[in-house]
Number of protein chains: 2
Amino acid sequence: MATQAAIPTSTQSWVEHTADALRRAGYRSSGPRMAVVETLGRHDCVLTAGEIADRLRSEGRDVGVATVYRALELLEGLGLLHRLETGEGPTRYEPAHPTGEHHHHLLCERCGHVSAFEDQGVERSLGRLARRLDFRVEGHDLVLRGQCAVCAAESRSKAEGRA
Amino acid sequence: MATQAAIPTSTQSWVEHTADALRRAGYRSSGPRMAVVETLGRHDCVLTAGEIADRLRSEGRDVGVATVYRALELLEGLGLLHRLETGEGPTRYEPAHPTGEHHHHLLCERCGHVSAFEDQGVERSLGRLARRLDFRVEGHDLVLRGQCAVCAAESRSKAEGRA
DNA sequence: GTTCCTGCAAAATTTTTGCATCAGT
DNA sequence: ACTGATGCAAAAATTTTGCAGGAAC
């Protein structure tokens, strides 16, 4: 029920869907803008604005940071991206799938690693909750904080060593 | 089950509990530090570092921003504060109650207002989920995004006016 | 040919840090 | 007294903005 495995992202289709959505909304599919979209589409994990700019630079496709930020802002406004803030470091972004299918995140507070999971039980609870609140719920963000398996094992063995 | 009413915060006791926890952890209960704690304790809603500094200044108790940030960092590290990032504006903080009792937030994306709610159904789902993951879950953050009742009413009446 | 988009660089915002001085225990 | 905490101011890190030139439609 709760999957922690790689989430199938059918990258290509999100990039295509995004290009369509931009055109339909009257925006241009310029080179730099699509370079940002393609970079996001190639990674199922979250990326920061800086990381996107760096990756593009290392591919020889220099795109100014301002352009990256503007593209991210536009895409998020169109519901094509999800934003994730973990409290450490800059804001991260990842593709939002048109199916409404989405996942949430596990943040390891020791190593900073972010991974994804899905859980239908939680989604159902959130759906029921949304119907009860005097608030028009349009989306939700959920982050579980703690220690990933690797770090948990490390801190366990350290504790044993000390004992 | 889902409460959106004011959450009883028994302010005084959190401030006292925090002073104790600081002392027990070997930290000093200095004037500026406790001024930050008391400001947080007087508000059940979230506050930013800047807001805390401003409130203190307007009370005549000037505390440097650096001190506010250092106090917030310390308190969060001791589990005495929760941190909330909404993606708009600076990080917000609020008291974390020693009972483990906690709430989550509703963020209105139109007016930026943040309110709180509790829901046992969601908490139970999250508990079940945590047991299934290969991850040592120590806490969770949940933000529901959308429109508050006021903004939803406004956008509804605007739509009618246009029709 | 328009109009939107980009890149650069400067500015704004938020948070962190170094260091001399001060206060809590 | 000792040691940690503060305040200031400078720096770092992240994001936004103005504007002249360039690219998409």
Side-chain angles (χ1 to χ4, degrees), chain A residues 18-40 46-57 59-78 80-81 83-93 112 114, chain B residues 18-40 46-57 59-78 80-81 83-93 112 114:
Chain A
T18 297
D20 282 359
L22 283 172
R23 187 151 352 95
R24 261 180 280 120
Y27 296 101
R28 297 179 184 169
S29 293
S30 68
R33 186 174 283 166
M34 288 312 293
V36 171
V37 170
E38 281 158 25
T39 301
L40 282 159
V46 286
L47 290 176
T48 68
E51 283 166 354
I52 293 169
D54 288 347
R55 280 170 203 272
L56 288 171
R57 191 170 325 112
E59 289 171 21
R61 292 208 274 177
D62 280 48
V63 172
V65 253
T67 299
V68 174
Y69 277 104
R70 284 187 278 232
L72 293 173
E73 183 188 6
L74 175 64
L75 295 168
E76 204 215 345
L78 292 172
L80 295 161
L81 283 185
R83 168 200 289 254
L84 176 69
E85 316 234 10
T86 60
E88 30 194 55
T91 304
R92 299 171 221 213
Y93 295 85
V114 174
Chain B
T18 297
D20 282 357
L22 284 173
R23 187 152 353 96
R24 259 180 283 120
Y27 296 102
R28 297 180 183 170
S29 294
S30 68
R33 185 174 283 165
M34 288 313 294
V36 171
V37 170
E38 281 158 25
T39 301
L40 283 159
V46 286
L47 290 175
T48 68
E51 284 165 354
I52 293 169
D54 289 347
R55 281 170 202 272
L56 288 171
R57 189 166 329 109
E59 290 172 22
R61 292 209 273 176
D62 281 46
V63 172
V65 252
T67 299
V68 174
Y69 277 104
R70 283 188 278 231
L72 292 173
E73 183 189 4
L74 176 63
L75 295 169
E76 205 216 343
L78 292 173
L80 295 162
L81 283 184
R83 166 199 292 251
L84 175 69
E85 316 234 10
T86 61
E88 30 193 55
T91 304
R92 299 170 223 214
Y93 296 85
V114 174

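Every chain is numbered from 1 and lettered A, B, ... according to where its sequence line falls, protein lines coming before strand lines.
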Worked verdict on A/L74 versus A/L22 for side-chain contact (heavy atoms from CB on, under 4.5 Å): CA-CA 9 Å; A/L74 175 64; A/L22 283 172; 3.9 Å; yes
Set out, in order, the CA-CA distance, both residues' side-chain angles and the distance that settles side-chain contact (heavy atoms from CB on, under 4.5 Å) for A/L78 and A/T18, then state yes or no. CA-CA 9 Å; A/L78 292 172; A/T18 297; over 6 Å; no
Produce a footprint string for nucleotides 11-18 of chain D: one letter per nucleotide, 5' end first; B if the base is under 4.0 Å from any protein heavy atom, S if only the sugar-phosphate is, - if neither. ---SBBBB
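Applying the side-chain contact (heavy atoms from CB on, under 4.5 Å) criterion to A/E59, with sequence neighbours excluded, gives A/R42, A/L56, A/R61. Applying the side-chain contact (heavy atoms from CB on, under 4.5 Å) test to B/T86 and every residue at least two apart in sequence or in another chain returns B/L84, B/E88, B/R92, B/L107, B/V114. B/R55 meets the side-chain hydrogen bond (donor to acceptor under 3.5 Å, both in side chains) test with B/H43; sequence neighbours excluded. With sequence neighbours excluded, the residues that form a side-chain contact (heavy atoms from CB on, under 4.5 Å) with B/T91 are B/R83, B/E85, B/Y93. With sequence neighbours excluded, no residue forms a side-chain hydrogen bond (donor to acceptor under 3.5 Å, both in side chains) with A/T39. For B/D54, the side-chain contact (heavy atoms from CB on, under 4.5 Å) partners are B/R57, not counting sequence neighbours.
Atom CE of A/M34 and atom P of D/dA23 are 18 Å apart (whole Å). Here the C1' atom of nucleotide D/dG22 and the CG atom of A/D62 are 16 Å apart, to the nearest Å. The CD atom of B/E76 sits 12 Å away from the P atom of C/dT15 (whole-angstrom rounding). Rounded to whole angstrom, the span from the CG atom of B/L72 across to the P atom of C/dT15 amounts to 9 Å. A straight line from CD1 of B/I52 to P of D/dT6 spans 14 Å, rounded to a whole angstrom. The interatomic distance linking B/Y27 (OH) with D/dT6 (P) rounds to 12 Å, in whole Å. Between A/R61 atom CZ and C/dT6 atom C1' the separation is 15 Å, expressed in whole Å. Rounded to whole angstrom, the span from the CG atom of A/L22 across to the C1' atom of D/dA24 amounts to 13 Å.
Nearest heavy atoms, B/A53 versus B/V68: CB-CG2, 4.2 Å.
When side chains are defined from C-beta on, A/V37 does not count as touching A/L80, because their heavy atoms never get closer than 4.5 Å.
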Please list, for nucleotides 21-24 of chain C, all pairs of protein and nucleotide N/O atoms separated by less than 3.5 Å.
{"from": "C/dG24", "atom 1": "N2", "to": "B/R28", "atom 2": "NH2", "distance (Å)": "3.0"}

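Across the helix from C/dG1-D/dC25 to C/dT25-D/dA1, the helix axis at one end is tilted relative to the axis at the other end by 40° (nearest 10 degrees, each axis from five pairs).
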Quiz: residues 25-36 of chain B side-chain donor-acceptor pairs under 3.5 angstrom, not counting sequence neighbours:
{"from": "B/S30", "atom 1": "OG", "to": "B/R33", "atom 2": "N", "distance (Å)": "3.4"}
{"from": "B/R33", "atom 1": "NH1", "to": "B/R28", "atom 2": "O", "distance (Å)": "2.7"}

